[in-house]
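Scroll down for the structure; my scribbles are underneath it.
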Amino acid sequence: MALVAEHMTRDLLTISPESTLGEAAASMVERGVGAVVVLEGETVAAILTERDVMKAVASGAGGSAAAAEWMTRHPDTIEPSDTMDHAAS
């Protein structure tokens, strides 16, 4: 059975909670991705998605707003040793 480790991306785009929405959005555009992992130290704290950025813009937040104000905390995660079937469920 295929493992997540065989298919996962290892070069993740990451930011800190203190990063601005503008910095995060520019990084996502540069890398051609729709989300960025937010790290507190070396721990995954949240994810900031294109949808999070759109909600912030629609609410009047500017590019200087902190990612911490708009990120989605405690995202579901899986381990590299998990199966692809588990990842898909």
Side-chain angles (χ1 to χ4, degrees):
M1 190 167 292
L3 299 179
V4 170
E6 299 166 10
H7 300 279
M8 66 185 209
T9 299
R10 296 181 189 278
D11 185 26
L12 295 177
L13 178 59
T14 63
I15 62 170
S16 72
E18 296 79 26
S19 298
T20 66
L21 291 178
E23 293 166 341
S27 295
M28 286 190 282
V29 168
E30 182 179 314
R31 290 275 297 269
V33 297
V36 58
V37 176
V38 184
L39 297 179
E40 290 179 340
E42 294 196 18
T43 302
V44 174
I47 188 168
L48 182 73
T49 66
E50 291 172 326
R51 182 175 179 186
D52 295 327
V53 174
M54 288 184 357
K55 286 191 293 186
V57 170
S59 296
S64 61
E69 298 174 38
W70 297 98
M71 63 192 190
T72 301
R73 290 193 170 274
H74 312 295
D76 291 334
T77 62
I78 58 173
E79 297 298 321
S81 59
D82 287 335
T83 66
M84 291 299 293
D85 287 342
H86 176 78
S89 63

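Small disclaimer: the values here were computed from a predicted structure and weren't measured.
Here salt bridge (Lys or Arg N to Asp or Glu O under 4.0 Å) pairs that include residues 37-49, with residues two or more places apart or in two chains, are Glu40-Arg73. Pairs passing the salt bridge (Lys or Arg N to Asp or Glu O under 4.0 Å) check and including a residue from residues 24-37, sequence neighbours excluded, read Asp11-Arg31. A side chain to side chain donor-acceptor pair (under 3.5 Å) check over residues 76-89, counting only residues at least two apart or in different chains, returns nothing.
Ala68 pairs by the side chain to side chain contact (heavy atoms under 4.5 Å, CB included) definition with Pro17, Met71, not counting sequence neighbours. The side chain to side chain contact (heavy atoms under 4.5 Å, CB included) search around His7 returns Ala2, Met84, not counting sequence neighbours. Taking Thr72 as the reference, Asp52 meet the side chain to side chain donor-acceptor pair (under 3.5 Å) condition, with sequence neighbours excluded. Shown here are the side chain to side chain donor-acceptor pair (under 3.5 Å) partners of Glu50, two or more places apart in sequence or in another chain: there are none.
Taking OG1 of Thr49 as the start and NZ of Lys55 as the end, the distance is 7.0 Å to the nearest 0.5 Å.
In this structure, Met1 shares a hydrophobic cluster with no other residue, the cluster being traced through Ile, Leu, Val, Met, Phe, Trp and Tyr side chains under 4.5 angstrom apart. The hydrophobic cluster of Leu3 has no other members, since no ILVMFWY side-chain heavy atom comes under 4.5 Å of it. Taking Ile, Leu, Val, Met, Phe, Trp and Tyr as members and joining any whose side-chain heavy atoms lie under 4.5 Å apart, directly or through other members, the hydrophobic cluster of Leu39 also contains Leu12, Val37, Val44.
Distance alone, capped at 3.5 Å, places no donor-acceptor pair between the Ser19 side chain and the Ile15 backbone.
Closest approach of Pro75 and Ala45 over heavy atoms only: CD-O, 4.0 Å.
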